[in-house]
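A quick write-up on the structure given underneath.
In what follows, chains are A, B, ... by sequence order, proteins preceding strands, each numbered from 1.
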Amino acid sequence: MKKSILKILSHLILIIFSLIIILPLLWILRNSFTNKLNAYKIPPEFSPIIFDNYIEIFSKYPFDSYFINSFVVAFGTTIISLPLAAFIAYAFAKFNTGGKQLRLFLLSTQMIPPIIIVLPIFSIYLSLNLLNTYLGLIIAHITIILPFLSWMLISFYSRDIFMIEAAARSDGATRFQALYLICLPLIAPGLIAAGLLGFILSWNEFIFVLILSGKATSTLPIGLSTLSTHRGVEIALLAAATTLTVLPALILLPFIKKYLIKGLSLGALK
Amino acid sequence: MSNNLDLSDRRFGYILTAPTVLIITLVILFPICFSLISSFFDYTLINKSFNDFIGIDNYINSFKDEQLFNSIFVTIYFVILVVLLEFILGFFIALLLNSITRFKSIYYFILLLPLLINPIVVGLIWRMFLHPQLGIFNYLLSLINIEPVNWLGDPQMAFITIIFVDIWHQVSFMIILLLAGLSAIPKEPYEAAKSDGANIYECFIHITLPYMRPVIVVTILIRLIFAIKTYDLVYIMTKGGPGDSTDLISYYIYRSAFISLNLGEAAAMSLILLVIIIIITIPLFKYMNRLD
Amino acid sequence: MKYIKILFLVLTISILSFSSKAVTLNAIMENVPDTHFIKELLPDFTAKTGHEVEMDIMGYGEMHPKMVPSLTSSTGSIDFMPVDFYWVGEFARAGWMMPLDDMIARDGFDTSVYFDSMMKLVGEVEGTTYMLPFYNYAMGLTYRKDLVADPSHQAGFKAKYGMDLKEPTSWDEYMKQVSYFTKNGTEYGVVNQGSKADPIAMEWSNYLYANGGRFHDENWHGELTSDAAKQALKDYIHNLQDHGPVGAASFSFDEAFNVAAQGQAYSYLTYNWFMPSYEDSSQSAVVGKMALAPVPGNGSLNGAWGWAIPTSSPNAEAAWEFIKWVESPEIVAKRALMGGAPTRSDAFSNPEVLAKYPHYDALNRILASAKNFPVFTYTPQFVEVMGTELSKAVIGEKSIDDALATMNSELEALAKKDGVYKN
Amino acid sequence: MQKIEIKNLSKTYNKNIVAVNNISFEIDDKDFFVLLGPSGCGKSTTLRLIGGLENCTQGNIILGDKDITNLDPKDRDLAFVFQNYALYPHMNVRKNLSFALKLKKTSPKIIESKISEVSKLLKINEVLERKPSELSGGQRQRVALGRALVRNPKAFLLDEPLSNLDARLRAIMRTELIKIHKNLKRTFIYVTHDQVEAMTMANKICIMNKGVILQIGSPKDVYENPNCLFVANFLANPLNNIIKTEIKIDNNNILFKKINLLINSENFNFNITNNEIYFSIRPEHIYLDKRPDTIKIDSKIEVLENLGHETIVCTKIKDTNEIIYFRDSKNNRFKPGEDISIYFDLKKMLYFDINTELRLIEVK
């Protein structure tokens, strides 16, 4: 009895919390189907649904290419960063490679405002012909995302996981096989969470893309900032573009369900 | 004396570490050294040369700069409040999410959404919502007879508003990390504790917290660094105002680099900032090492 | 050896002349209507010259950071660029702009079609022409002409102040109108753009000029502690707090415009090109009700963008072709008809344009009398200082005198640093 | 013929914590070799060192005639069974069993036949498609064992494999392990802290404490002839009776002061340097009837522990505070508080030096 009351209370709090998160987003959704005049009308009035904003962001602005570029860069960054982060975190957790100094070094590179580093990187890229390329953007994003993912994953390599790894080693696995056949699947919740954050960080990164990209490789944040013009914010277009921006979450949903919600039962350990 | 196996263990560690360290070093170390050097010169984008060595003048100027100190204090308040509130709220929500089984993915999906929205957009849309006359917030408040709130036009209120919007936007970051940590805790200790008659609170103190400690420390550490680097939100929402009530240090440095084009001074301020961050994070870092 | 050299030279020249025949010009442009209009007209340019133009369109805030790294490097990726008057001093000082005098003389481009003040703002720097003016954002008074024309208000105003209600020409008259229309016919007498940095700095400059003040004298000695400046700031705070909406201290032009566009304010001192926006029924509830006038008391602040060619431009000659094309009378007239904000004065007397946009008459008057903001290397920094100090004065964190004194001393310090200050 | 030789093996953690201190021993082929000792004695570490899961600080491990000290675990061909099984939680039982074979690139056919053979032997053929988390403790234990068996390794290293099972299952698995060992004819190295397991399964027991080896020998040997007090104490069920006492020798008699026990000195031929010693007598060497070479002691019953098939009797020796345990094969024979006479088997009494705790050697 007491348990079910607790459950209901939990859901109640979660519903309120979800509402706080989602109501502003629904208001954005609503504004994406109206024009600026109606978006700002107080008290709000019902207005006929129009799709002009969605058409305009693709006809007047190259949002299709912003989307593709964002996907390529964020996906590329995540795919490359994740294994590297998993490897270095393993080395930190298991062998304490490089000691505290290396860990602190890795993190301290991220404590400097990106504005300061991006200009020298611009000069390097200029001479290497990396400006306005996917590769250049992905490399830049890896450097600012990798340290965080590495740190995040250290704590997921628990003693239990190393024990199972030991079993694999005595079963005849090489160090590397034990790492990717056993350890990586076992830290899947951590990897998914890290991958998600890596993707999000790259998806939203602004300064590096601004300086290092060009027309061909500009990502969504640049496109979105375009809508804040000197003649005012194109709020209806912005609402439409934002609505599309959060769509990738739908793609991520099955992964979330599989790895994060259930968690990985390590019940077989004991 | 170490034997071959120790050696090959260590070698394996180096092999796994090398790619990351290499990339980071190649891409970031040069810019950092560059800015370190430029901080000792009158190095501006207008006059890009290392001709005018001025020693530590940039640092002295920074220390004399009242605005900079104001920014540092504003940033410290901001970071502490944001990280603390987001952590408490995030941990609470993560625990709730971890305890339920139904509709979990729906909640999760919802809280993921704000993270996918660019901070610039977050700033713009919230500025619209919080418009004193034309925003939906004050309209809703007016329905229950509350006077229009001056969300961004009043120094104290603007600071609170920025913090609120940041929490709205970023609290999910905490939730995702903490929930991942929670889902990696084995179930057995809880079952054992419950059979020993422990209540929820005792389970939390004696099982959840100890298991979660490393994840908590890392989460706070990472969030702390991100919070210190926040600039887009104030750039969009307040431009650091009214007055200089929301003038975060990263935005200050941004202006010094891109508006004043004074890279040498911006670099000096960045390095001062770096030292401050390290001073703040080292206790956390030490604490974490003690856990191993 | 000599022959090889000659051969090489011939080769280079032929390559250069070939490349000048058909190149792709790259530019970073602001996301404003004019940019989109030019984009629409580009096929005409390509047909005439064979050159293609690739425009990377972005928000104002992103342009400067985006352009600067490219300008500082020896091999540029930008062929021509719009330059905000903010950046003119800085770009000239850094040597990022190519002098255009030779080309102008060679091709006989007539620069007298631009207002003098416009050429001073975004044309010449210390006698050298680096830019041709592109589009203007001079500030004016936008106000509710329907309210002014309303007989009941005319009677009421006359009864209260003993003067006729009409388009205000003197500052005092305007201040009375602001006071009159507050909570009377509409919600607010005025809406201000009080947000930090450029919105408040630009807006207050109109107040300064309208009160007869100025930033500095000929020798760059600051005049911001003058009585006129004090009165200007007093007026500004008074308007913002007593006759404007709550929260105007945080408004950027977007918020302020929306208040006016929703019909909640009698007047808004702002950029003239908000007029087409007021007439756009998808964002305005005051279609046909707004009028533009010079800021009363000859207070209009000038503002404009110019066209420049970076010294690092790989295709300078083709870029000049483009600027000549885009500033040709026909194209400027077309841009004006599409709803742009041109700077050529002939566009303002074009009957076709005037028929479509009656406010161009007022704009003509504004541009003829508009005063410039201090243009020097440190304009952006000075705007920052102004933004902070004015904002502090508005929220009461600093007294009017203190804020103005700080602005004054910072202006002098920056002018000294730049070398324009003369003893 | 694969003999395992451990030579001067040491393991030190963090430069100062010595887990294993210079140990040497040999394991013959097909031995069931048990490393026995209390927790933290270094037995598990020794096993992990042999398996290559830890790197030794010093010493050598020789398998057959090959030095495997620095060999990677995968190249040692030794199968490990872990105390908590360490099954791969993300793989089902079949995949758990086939993991090692797949790594060796064994053909699928052979893998299949191996798995069916082993799973039948261990009675887990019904659960092959389940994940470890869906198995009972006993089944998990069998899978862990099966994972080692399918590999047909040179030797099996078992680290307290039965300790997580309940008493009944443990007894069953014990016999099964003995059977498996007999059938496989392979070397088993088995770590446990349970002397019953050690005694029943081993053909050689190695008793460790504090990182050093105390005694190695057959179960009978170490049981009957413990070389030190620790071994004597550890190999006893339920408890060894150990009494620290002052002795007094006069003429032909020796007096154990603590319990007022006077025995004839022909039963006590030791050189002692101290007038204090430990002596021990196991519960099963205390009788209720007089037999040859026994000595009578009067005592009073304190507590009776009825185990069903026997009773553990706890008595207090008359006029002392010393408690003595012994076993009575009949139940419900006594009542607490009752006075009884018990008989120590003089031939089974063991004596230990008070300082070194080593067994006192009989002087001939």
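Both the backbone and the side chain of Ile117(A) come within contact range of chain B, with heavy atoms under 4.5 Å apart. Proximity to chain A (any heavy atom under 4.5 Å) is restricted, for Ile200(B), to the side chain, taken from C-beta onward. The parts of Ile15(A) that come within reach of chain B are both its backbone and its side chain, each placing non-hydrogen atoms under 4.5 angstrom from that chain. Both the backbone and the side chain of Thr245(A) come within contact range of chain B, each with at least one heavy atom under 4.5 Å from a heavy atom of that chain. Interface remark: Phe17(A) contributes side-chain atoms only to the contact with chain B (heavy atom separation under 4.5 Å). Residue Tyr40(A) touches chain B through both its backbone and its side chain, counting heavy-atom pairs closer than 4.5 Å. Both the backbone and the side chain of Thr143(A) come within contact range of chain B, with heavy atoms under 4.5 Å apart. Both the backbone and the side chain of Ile20(A) come within contact range of chain B, judged by heavy atoms closer than 4.5 Å. Contact annotation for Ile115(A): only side-chain heavy atoms (C-beta onward) come within less than 4.5 Å of a heavy atom of chain B. Interface residue Leu146(A): only side-chain heavy atoms are found under 4.5 Å from chain B. For a residue to count as touching a neighbouring chain, one of its non-hydrogen atoms must lie under 4.5 Å from one of that chain's; by this rule Ile211(A) touches chain B with the side chain only. Of the two parts of Leu201(A), only the side chain, counted from C-beta on, holds a non-hydrogen atom closer than 4.5 Å to a non-hydrogen atom of chain B. Both the backbone and the side chain of Phe87(A) come within contact range of chain B, with heavy atoms under 4.5 Å apart. Within the 4.5 angstrom heavy-atom criterion, no atom of Leu227(A) approaches chain B.
With contacts defined as side-chain heavy-atom distances shorter than 4.5 Å, the pair Phe258(B)/Leu119(A) qualifies. Side-chain contact between Thr25(B) and Phe105(A) is present, with at least one heavy-atom pair separated by less than 4.5 Å. Tyr231(B) has its side chain within reach of Phe206(A): a pair of non-hydrogen atoms, C-beta onward, lies under 4.5 Å apart. A heavy-atom distance below 4.5 Å is found between the side chains of Pro120(A) and Phe30(B). The side-chain heavy atoms of Met128(B) and Leu238(A), taken from C-beta on, include no pair separated by under 4.5 Å. No side-chain heavy atom of Ile110(B) sits under 4.5 Å from any side-chain heavy atom of Leu25(A). Looking at Leu106(A) and Ile24(B), their side chains come closer than 4.5 Å, going by heavy atoms from C-beta outward.
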Apply side-chain contact (heavy atoms from CB on, under 4.5 Å) to the pair Ile88(A) and Val21(B), showing each step before the final yes or no.
CA-CA 9 Å; Ile88(A) 195 169; Val21(B) 173; 4.2 Å; yes

Would Leu196(A) and Leu112(B) count as a side-chain contact (heavy atoms from CB on, under 4.5 Å) here? Give the steps.
CA-CA 9 Å; Leu196(A) 207 60; Leu112(B) 202 59; 3.6 Å; yes

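By the 30° and 60° cut-offs, the orientation of the rings of Phe103(B) relative to His11(A) is perpendicular.
Judged by distance alone, with hydrogens and angles left aside, the side-chain atoms of Trp203(A) form a donor-acceptor pair with the main-chain N or O of Leu116(B) at under 3.5 Å. Distance alone, capped at 3.5 Å, is enough to place a donor-acceptor pair between the Lys229(B) side chain and the Gln110(A) backbone. Using a distance-only test at 3.5 Å, with no hydrogens or angles considered, no donor-acceptor pair links the side chain of Asn204(A) to the main chain of Pro119(B).
In terms of non-hydrogen atom pairs under 4.5 Å with chain B, the most contact-rich of Ile22(A), Leu179(A), Ile21(A) is Ile21(A). By number of non-hydrogen pairs under 4.5 angstrom with chain B, the leading residue of Ser108(A), Pro43(A), Ala39(A), Ser225(A) is Pro43(A). Ranked by non-hydrogen atom pairs under 4.5 Å with chain B, the options Leu107(A), Leu220(A), Ile139(A) are led by Leu107(A). The candidate from Phe176(A), Tyr125(A), Phe92(A) with the greatest count of non-hydrogen atom pairs under 4.5 Å with chain B is Phe176(A). Between chain A and the residues Leu95(B), Leu177(B), Leu271(B), the most heavy-atom pairs under 4.5 angstrom are made by Leu177(B). With chain A as the partner, the residue from Ile32(B), Asp232(B), Leu273(B) showing the most heavy-atom pairs under 4.5 Å is Ile32(B). Contact count versus chain A (heavy atoms, under 4.5 Å) is highest, among Thr219(B), Leu124(B), Leu89(B), Leu143(B), for Leu124(B).
When each of Thr17(B), Leu16(B), Thr20(B) is paired with Leu84(A), the side-chain contact (heavy atoms from CB on, under 4.5 Å) condition holds for Thr20(B) and for no other.
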